[in-house]
Trainee: 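Okay, handing you the structure first.
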Amino acid sequence: MNKTVGYTAHAFVTLSGKQHVKRFGIVRLNCSSNNTPIGNTASIQIDGKAYTTIALLRDGCLSSVLSTKCTPDECVCSNQGLWYSHTYKVVQPVGVVNFTCLMAFKAYGSFSDSIIVKIIDFKGPTITTEPVLPFRSGSNVVFTCIVETLSTKIKFEWECLGKVEPKSRKVSIFNSTKYYSVIMRNIHVVHDGKTCRCCTNVDGISGHFEISLVISRKPIIDISKAVTCKSSSAITLYCIINTGFPLFGFYNWMHSRHGTIIRYLKGEKMHTKSLLKFNSCSHNDTGDYTCEAYNEYGGNITFANKTVSLIVYGPPIIKSEETVTCNNASVTLSCTIKTVLPVYGFNPWIHYFNGAYIRRLNGSVLERKSILEVETCSYQNAGEYICTAWNKYGDTTLVANKTIDLVVNASPVIISSDVIREQQTTLSATFYSSSEMVLTWEQSNQTLTKSTDWLQTLDRNKIELILYNKSIECDGYTANLSIRSSLVGEYVLLLQNTFGETRLFFEVNKLSTQALTASFDLRTVVFCIIAIGIFLLSTAGTVIMSKGMRRKNVIHIIGPHERCPTIPIYHTAPALNNTQNVYAIPETG
């Protein structure tokens, strides 16, 4: 203690504080006297340089290094001004710091006192355990006490579960500034709430760290990490219970998805393990699986559970109607994707007819649904529509598709017609019908029945349909009516099925005189050839004319459903035998 005496030594100053402190630690400096100093103030110096002045005011204590009045953890003044306290945070490196407190007295002059504080740089101690808290009863626990310091004067001492024992220090292999001490204890239920303390001394500075032991009465569960399973593959989830209690067990696994319980599944129990096996995982198995275990102690049952996520990846599942039917109006096709993967989408729809590719169409996508609007119910729109969806797992894209049959219910459709003029006149029509139909020929509003004047035939054969500029072969019909050339007038072909009827009109005119004259000139030439002889026969060949002429007229028929831009048509036709209605062929001439 250093004192400066004015003229009579009837006053003194005393400074106290820690003699050892950690770097960046706190030093609480307490400066007191037996007399009240001038102005109720005390000054503090650090290593001979002024640091702060503490003053007692009417409304509190003030330090010159603080911008506001003191708080108790910063500085304190006594009510009589006899002692002053100030907190200093050490910033100096390892070494020593000299603190001095000065007071001036009116009757005695100035007095001071000093202390030397040694700064030691170290961190700790801290305690870690393996396993971590809480401990299960019956387990062996390793306690490790760690200190980091540049000093080599280190001592360890343990106070753990009522036993005190000194331990030698050990240096970390990886860092020469880290020292540690290790002990091991077997933990039981009776140790619940007990403490383990590690005490250290570094260059005379003591420190300690303690933990309170917690013994888990709940079982501790280890469970599978989040797993993935390729669709149709096998996978097993496991759940292991760690407990020091003799009575324990498992409940059924709980399967949930997005917080909603799906089902409960019984696992295969193997002592401390519960196994949940999937021989062939599917999309429906995706979700969270919770394993719940219990143990019993003193009649009390405690529970614990853990959850593992299972993701099943594979081609998406597509849901849609198998068949959609339309009747002379627009129709909507749709398909919905079912997948648990976050990345998914749809490809354009593909239109087929009788297995032949027709076109690609873009549908609109609404959440997990692809929607295709077919604006007209026409035979050109009939066929199979394929919806293709995909999802992505990592870098792998998985694709699935679903086919929807669009059935068009419509009256028969005329594909082509013809009038063939030979010895007989034949009225011919090729048509398509989506269902069983009835065929009738009419003249002058009278149905033609069995007669020797005409012959009716109906053949089922392959015909060509033009669908969006694609020529498609399909099953159709050809109807013929052979009549005498002299039976002129208007003829009507009436086609009827479940969904409507279609009429085709033929106009048969009288034979021209040119045709009759040709027949007469042919007989005259024949007689001349016989009379003149073989010589003229060679020249007569140049005037031989054909016995008849064939003319074709394609007639556009307006059916009851042909007011629209396209003709509605059903894309399949019923089976029908090739039946000919044979009558006596009319005699010529």
Trainee: Check whether any side-chain heavy atom of N186 lies under 4.5 Å from a side-chain heavy atom of H188, and answer yes or no.
Mentor: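 They are in side-chain contact.
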
Trainee: R185 and V141: side-chain contact (heavy atoms from CB on, under 4.5 Å), yes or no, with the steps?
Mentor: CA-CA 5 Å; R185 295 287 186 271; V141 179; 5.5 Å; no

Trainee: Give the intermediate values and the outcome of side-chain contact (heavy atoms from CB on, under 4.5 Å) for residues C145 and F156.
Mentor: CA-CA 8 Å; C145 182; F156 289 94; 3.9 Å; yes

Trainee: I want to check something: taking the side chain as every heavy atom from C-beta on, are S309 and D288 in contact at a cut-off of under 4.5 Å?
Mentor: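 Of all side-chain heavy-atom pairs linking D288 with S309, at least one is under 4.5 Å.
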
Trainee: Verify the neighbour count for atom CD of E210: are there more than 12 heavy atoms of other residues, nucleotides or ligands below 6.0 Å?
Mentor: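 More than 12 heavy atoms, drawn from other residues, nucleotides or ligands, come within 6.0 Å of this atom.
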
Trainee: Would a distance-only check, ignoring hydrogens and angles, find a side-chain to backbone donor-acceptor pair under 3.5 Å from N391 to Y344?
Mentor: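 Between the backbone of Y344 and the side chain of N391 there is no qualifying donor-acceptor contact (under 3.5 Å).
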
Trainee: Please determine if R197 and E157 form a salt bridge, counting it only when a charged side-chain N lies under 4.0 Å from a carboxylate O.
Mentor: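 Result for this pair is no, no salt bridge flagged.
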
Trainee: To the closest 0.5 Å, what do you measure between CD1 (I115) and CG (L29)?
Mentor: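 Atom-to-atom, I115:CD1 and L29:CG are 5.5 Å apart.
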
Trainee: Between the side chains of T228 and Y393, does any donor sit under 3.5 Å from an acceptor?
Mentor: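 T228 vs Y393: donor-acceptor pair found between side chains.
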
Trainee: Rounded to the nearest 0.5 Å, what separates atom CG in L237 from atom NZ in K225?
Mentor: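 Answer rounded to 0.5 Å: 14.5 Å.
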
Trainee: Go through it in stages, so that I can follow the logic: the residues are V324 and Y385, the test is side-chain contact (heavy atoms from CB on, under 4.5 Å), and I'd like the CA-CA distance, side-chain angles, deciding distance and then a yes or no.
Mentor: CA-CA 10 Å; V324 176; Y385 289 80; over 6 Å; no

Trainee: Grab the two heavy atoms, one from L276 and one from K266, that are nearest each other, plus how far apart they are.
Mentor: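 L276 and K266 have their closest heavy atoms at CD1-O, 4.2 Å.
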
Trainee: Which heavy-atom pair separates L66 from C75 by the least distance, and what is that distance?
Mentor: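 Minimum heavy-atom contact is CD1-SG, 3.9 Å.
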
Trainee: Whether the side chain of S206 engages the backbone of C199 through a donor-acceptor N/O pair (distance < 3.5 Å, no angle test) should be reported.
Mentor: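 Flag not set: sc S206 to bb C199 has no pair under 3.5 Å.
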
Trainee: With the threshold set at 4.0 Å, does a side-chain nitrogen-carboxylate oxygen contact exist between D222 and K273?
Mentor: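 No.
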
Trainee: Step through the shown structure and confirm whether more than 12 heavy atoms of other residues, nucleotides or ligands are within 6.0 Å of CD on E165.
Mentor: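 Counting neighbours around CD of E165, more than 12 heavy atoms of other residues, nucleotides or ligands fall under 6.0 Å, so yes.
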
Trainee: Under a plain distance cut-off of 3.5 Å, with no hydrogens placed, do R257 and T286 share a side-chain donor-acceptor pair?
Mentor: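 On atom types as modelled, these side chains do not qualify, holding no pair under 3.5 Å.
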
Trainee: Give the intermediate values and the outcome of side-chain contact (heavy atoms from CB on, under 4.5 Å) for residues S330 and E373.
Mentor: CA-CA 7 Å; S330 62; E373 298 283 349; 5.6 Å; no

Trainee: Decide if the gap between the ring center of H86 and the ring center of Y51 is smaller than 6.0 angstrom.
Mentor: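 Yes - the distance between ring centres of H86 and Y51 falls below the 6.0 Å cut-off.
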
Trainee: For M254 and I261, work out which heavy atoms get closest and say how close.
Mentor: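 Heavy atoms only, the tightest pair is SD-CD1, 3.6 Å.
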
Trainee: Could you check T52, T87, T68 and say which one makes a side-chain hydrogen bond (donor to acceptor under 3.5 Å, both in side chains) with S63?
Mentor: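 Exactly one option meets the side-chain hydrogen bond (donor to acceptor under 3.5 Å, both in side chains) with S63, and it is T52.
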
Trainee: Rounded to the nearest 0.5 Å, what's the gap from CG on L56 to CH2 on W83? Could you check?
Mentor: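 Reported to 0.5 Å precision, the distance equals 10.5 Å.
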
Trainee: Any side-chain to backbone donor/acceptor pair from N34 onto F12? Under 3.5 Å, distance only.
Mentor: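 Yes: the side chain of N34 pairs with the backbone of F12.
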
Trainee: Hey, is C61 close enough to C70 that the SGs sit under 2.5 Å?
Mentor: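 The sulfur gammas are not closer than 2.5 Å, so no.
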
Trainee: Would you name the heavy atoms of D285 and Y289 that are closest together and state the gap between them?
Mentor: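 For D285 versus Y289, the nearest heavy atoms are O-OH, 2.6 Å.
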
Trainee: Is a donor on one side and an acceptor on the other found under 3.5 Å between the side chain of N381 and the backbone of T376?
Mentor: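 Yes, the answer is positive, given that a donor and an acceptor are paired below the 3.5 Å cut-off.
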
Trainee: Identify the heavy atoms of N40 and G81 that sit nearest to each other, and give their distance.
Mentor: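 Scanning both residues, the minimum pair turns out to be OD1-CA, 4.4 Å.
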
Trainee: Report yes if some heavy atom in the side chain of V308 is under 4.5 Å from a heavy atom in the side chain of L310; otherwise report no.
Mentor: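 Contact flag for V308/L310 side chains = no.
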
Trainee: Are the side chains of F250 and C239 in contact, using a 4.5 Å heavy-atom criterion?
Mentor: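 Yes, at least one pair of side-chain atoms sits under 4.5 Å.
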
Trainee: If you count every heavy atom of other residues, nucleotides or ligands that lies below 6.0 Å from K18 atom NZ, does the total exceed 12?
Mentor: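 Atom NZ in K18 is not packed in, count stays at 12 or less.
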
Trainee: Nearest 0.5 Å, please: how far is OG1 in T336 from CD1 in I317?
Mentor: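 Taking CD1 in I317 and OG1 in T336, the distance rounds to 12.5 Å.
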
Trainee: Hey, does the side chain of R359 reach the backbone of K470 with a donor-acceptor pair shorter than 3.5 angstrom?
Mentor: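 The answer is no, because no donor-acceptor pair under 3.5 Å joins these two groups.
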
Trainee: Give a yes or no on whether I116 atom CD1 has more than 12 heavy-atom contacts from other residues, nucleotides or ligands under 6.0 Å away.
Mentor: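 Atom CD1 in I116 is not packed in, count stays at 12 or less.
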
Trainee: Between V190 and I215, is any pair of side-chain heavy atoms under 4.5 Å apart?
Mentor: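 Sidechains of I215 and V190: no contact.
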
Trainee: Let's go through K338 and N284 carefully: what are the C-alpha distance in whole Å and the side-chain angles of both, what is the deciding distance for side-chain hydrogen bond (donor to acceptor under 3.5 Å, both in side chains) to 0.1 Å, and is it a yes or a no?
Mentor: CA-CA 10 Å; K338 182 180 179 182; N284 293 329; 3.1 Å; yes

Trainee: Kindly write out the residues that satisfy disulfide bond (SG atoms under 2.5 Å apart) with C160, not counting sequence neighbours, or none if the list is empty.
Mentor: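 Scan of C160 (disulfide bond (SG atoms under 2.5 Å apart), adjacent residues dropped) gives C196.
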
Trainee: Identify all side-chain donor-acceptor contacts of residues 93-105 below 3.5 Å with residues at least two apart in sequence or on another chain.
Mentor:
unit_1 : atom_1 : unit_2 : atom_2 : d
T100   : OG1    : S114   : OG     : 2.7

Trainee: Is there a donor-acceptor pair closer than 3.5 Å between any side-chain N or O of H258 and the backbone N or O of G287?
Mentor: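 Answer holds: no.
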
Trainee: So with a 6.0 Å cut-off around CD1 of I223, is the heavy-atom count from everything else above 12?
Mentor: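 Enclosed: over 12 neighbouring heavy atoms sit under 6.0 Å from CD1 of I223.
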
Trainee: Could you grab the distance from atom CG of L275 to atom OH of Y238, nearest 0.5 Å is fine?
Mentor: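 Answer for the CG-OH pair, L275 versus Y238, is 10.5 Å.
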
Trainee: For residues 67-87, pull every pair meeting salt bridge (Lys or Arg N to Asp or Glu O under 4.0 Å), keeping only residues two or more places apart or in separate chains.
Mentor: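 Pairs touching residues 67-87 that pass the test: D59-K69.
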
Trainee: Do the side chains of E296 and F248 get nearer than 4.5 Å, heavy atoms only?
Mentor: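 Result no, sub-4.5 Å side-chain heavy-atom pair not found.
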
Trainee: Are W349 and I404 packed together at the side-chain level, in the sense that at least one heavy-atom pair is separated by less than 4.5 angstrom?
Mentor: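 Result yes, sub-4.5 Å side-chain heavy-atom pair found.
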
Trainee: Can you give me the closest heavy-atom contact between V399 and P316, atom names plus distance?
Mentor: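 V399 and P316 have their closest heavy atoms at C-CD, 4.3 Å.
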
Trainee: For the NE2 atom of H351 and the CG atom of L372, what is their distance to the nearest 0.5 Å?
Mentor: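 One gets 10.0 Å once the value is rounded to the nearest 0.5 Å.
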
Trainee: Does any non-hydrogen side-chain atom of W158 lie less than 4.5 Å from one of S181?
Mentor: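 S181 reaches W158 side chain to side chain.
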
